[in-house]
Amino acid sequence: MGKLSIRDLPEEAYRGKRVFVRVDFNVPIKGGVIQDDTRIRASLPTIEYLGGRGARLILASHLGRPKGKKIPELSLEPVAHHLSKLTGKEVKFAPDCTNAAPEIVSRLQDGEIVLLENLRFNPGEEANDPSFARSLASLADIYVNDAFGTAHRAHASTYGMAKFFDLRLAGLLMAREIEFLTKVRDNPDKPFVVILGGAKVKDKIGVISNLVARADVFLIGGGMSYTFLKAEGREIGNSLFDEKHFEQVKDLLSSYGEKIKLPVDHIAVKEVVAGAQKRHFEGDIEKGWIGVDIGEKTIKLYKSFLKGEGMIFWNGPLGVFEIDDFAHGTMEIARAVKEACENGAKVVIGGGDTVSAIHKAGIKDEELTHVSTGGGATLEFLAGVELPGIKVLTDRNG
Ligand code: ADP
Ligand code: MG
């Protein structure tokens, strides 16, 4: 079915219209200086597309977790200045979303931009409060959501306000996320290889269950793999273990065990710190030792599935990659995935830490098919959950 995107409307549809765009400007800021503007730049195509067609743009985002209070360090004002530089035109700033905003919006000319203050300074945002949603909606004629990373949250700006609009459109970034992740979820090219790592079993169970019918193989690593290994009767020493989801993991293995590959060797330490003495274990891990990376045999085994064909989805590093000593397995898989992409496989990755791992391996986003901007949202989407922020957008043939 699909959702209507800003590209689906005639060019003239936006001229003179007040267009509310929910963006994800949740960027790291220290002492008023933006440390990484990737997320701001990611929404530029949408901003320029609409601005270039005469829309009067009202941009809104959250930043951090102010929990309904005004916290000066979490102000979006520095982002307004930065956006002025990136777009080459003055971006106005509304110091709050309800009182100051209407007056500033009423003075916007075609193509002009205002950025609202941090949505989460208002308790109504995360509570999806109807009156806050209504006051946000009263600012605009058309609703656009370009913030995929928060689409799994039913907040006032991602969910509640949408019902006040006839036109609820996906921005270009959102549309791209929906397109690629729908492909991964419903119609992956074959063979379809899923690499899952990271620490939390809970986040990944739904992904395995929902993708298993179309996936050829799951390559499991990282902290989550030890709960799976223990379910197979392996000794895991003091490695990460998730008691709470142990039964579910056992069920997954008994139903789909032949598709789920687990590490066959490990790098382990007694303490997870840089410089710790490392030991290689094949099979079982001895008491007192903590698995922190996949071993060479596992790297070789996993690489044998990463060829230049079909589709690869990857979420979750395969070891404690933040510490260089334990990053080897993750770096090797990152390079193998990039090579597979060069040779014709479609490679989609998602998750904040996985994206950092890719960058740490010296790989650029453009060298892969799609780098999802979501963490939780990406995993929920692939687990088959209908995300509230996507659900409320206008259906293409609706
Ligand atoms: P993403 O952010 O890409 O979704 P996750 O947050 O699920 O990834 O997982 C990343 C975290 O998993 C990292 O902090 C990493 O250190 C941790 N991790 C990976 N392997 C292990 C391990 N063997 N033991 C403990 N933590 C691990
Ligand atoms: Mg993470």
Side-chain angles (χ1 to χ4, degrees), residues 6 18-29 32-48 50-51 55-87 91-98 100-101 104-105 113-128 132-133 135-137 139-140 142-162 168-174 177 352 373-377 387-390 392:
I6 57 173
R18 299 168 302 159
V19 182
F20 185 100
V21 187
R22 177 44 161 111
V23 287
D24 180 1
F25 287 169
N26 184 28
V27 293
I29 301 180
V33 180
I34 295 160
Q35 307 294 306
D36 179 349
D37 69 351
T38 309
R39 285 182 172 156
I40 303 173
R41 282 186 287 108
S43 267
L44 281 180
T46 294
I47 293 166
E48 278 161 6
L50 293 168
R56 305 175 178 193
L57 287 169
I58 302 144
L59 308 181
S61 175
H62 73 284
L63 176 63
R65 298 173 185 273
K67 301 244 157 79
K69 287 198 211 58
K70 195 172 166 91
I71 297 180
E73 296 77 54
L74 294 177
S75 172
L76 279 168
E77 196 165 4
V79 176
H81 296 308
H82 191 71
L83 194 59
S84 296
K85 282 187 219 143
L86 291 176
T87 56
V91 173
K92 299 179 199 314
F93 181 69
D96 74 76
C97 302
T98 41
I104 300 174
V105 169
I113 305 171
V114 60
L115 174 64
L116 307 186
E117 180 57 288
N118 193 345
L119 288 160
R120 290 188 187 170
F121 283 180
N122 194 308
E125 166 62 358
E126 289 188 84
N128 189 26
F132 183 57
S135 81
L136 287 178
L139 297 173
I142 296 172
Y143 175 78
V144 174
N145 191 344
D146 210 24
F148 177 76
T150 44
H152 57 319
R153 308 283 184 220
H155 294 166
S157 68
T158 60
Y159 187 74
M161 70 180 288
R168 307 170 305 274
L169 310 172
L172 299 176
L173 182 64
M174 175 71 91
E177 292 277 12
T373 53
L387 309 187
I390 295 179
V392 294

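Note that the coordinates shown come from a computational prediction; the quantities given were computed from them, not determined experimentally.
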**Prompt:** Is it the case that more than 12 heavy atoms not belonging to Tyr159 sit under 6.0 Å from its OH atom?
**Reply:** no
Is there a donor-acceptor pair closer than 3.5 Å between any side-chain N or O of [X] and the backbone N or O of [Y]?
X	Y	answer
Tyr143	Ser157	yes
Thr158	Arg153	yes
Asn26	Leu63	no
Asp24	Gly149	no
Arg168	Val392	yes

List the residues meeting side chain to side chain contact (heavy atoms under 4.5 Å, CB included) with [X], not counting sequence neighbours, and say none if there are none.
X	result
Val27	Ile29, Ile34, Arg39, Ile40, Val79
Ala140	Arg18, Phe20, Ile58, Phe165
Ala55	Tyr14, Val19, Leu50, Leu57
Glu77	Ser75, His81, Phe93

**Request:** Identify which one of Leu173, Val23, Leu86 satisfies the side-chain contact (heavy atoms from CB on, under 4.5 Å) criterion when paired with Leu44.
**Result:** Leu86
**Item:** Met174, Met161, His62 screened by side-chain contact (heavy atoms from CB on, under 4.5 Å) with Arg22, the one that passes
**Value:** His62
With rounding to the nearest 0.5 Å, note down the distance linking [atom1] in [X] to [atom2] in [Y].
X	Y	atom1	atom2	result
His82	Leu76	NE2	CG	13.0 Å
Ile47	Leu172	CD1	CG	10.5 Å
Thr150	Asn145	OG1	CG	6.0 Å
Arg65	Leu74	CZ	CG	11.0 Å
Asn118	Phe25	CG	CZ	12.5 Å

Which heavy-atom pair separates [X] from [Y] by the least distance, and what is that distance?
X	Y	answer
Ala101	Leu116	CB-CD2, 3.9 Å
Ala156	Gly124	CB-O, 3.7 Å
Asn128	Gly160	OD1-CA, 3.1 Å
Ala170	Val144	C-CG1, 4.2 Å
Pro45	Ala42	CD-O, 3.5 Å
Gly68	Pro123	O-CD, 3.5 Å

**Message:** Restricting to side-chain hydrogen bond (donor to acceptor under 3.5 Å, both in side chains), what partner residues turn up for Arg56, sequence neighbours left out?
**Reply:** Asp110
**Asked** Can you list the residues that meet the side-chain hydrogen bond (donor to acceptor under 3.5 Å, both in side chains) rule with Thr46, with sequence neighbours excluded?
**Response** Asp146
**Asked** Do Asn122 and Cys97 come close enough that some side-chain heavy atom pair is under 4.5 Å?
**Response** no
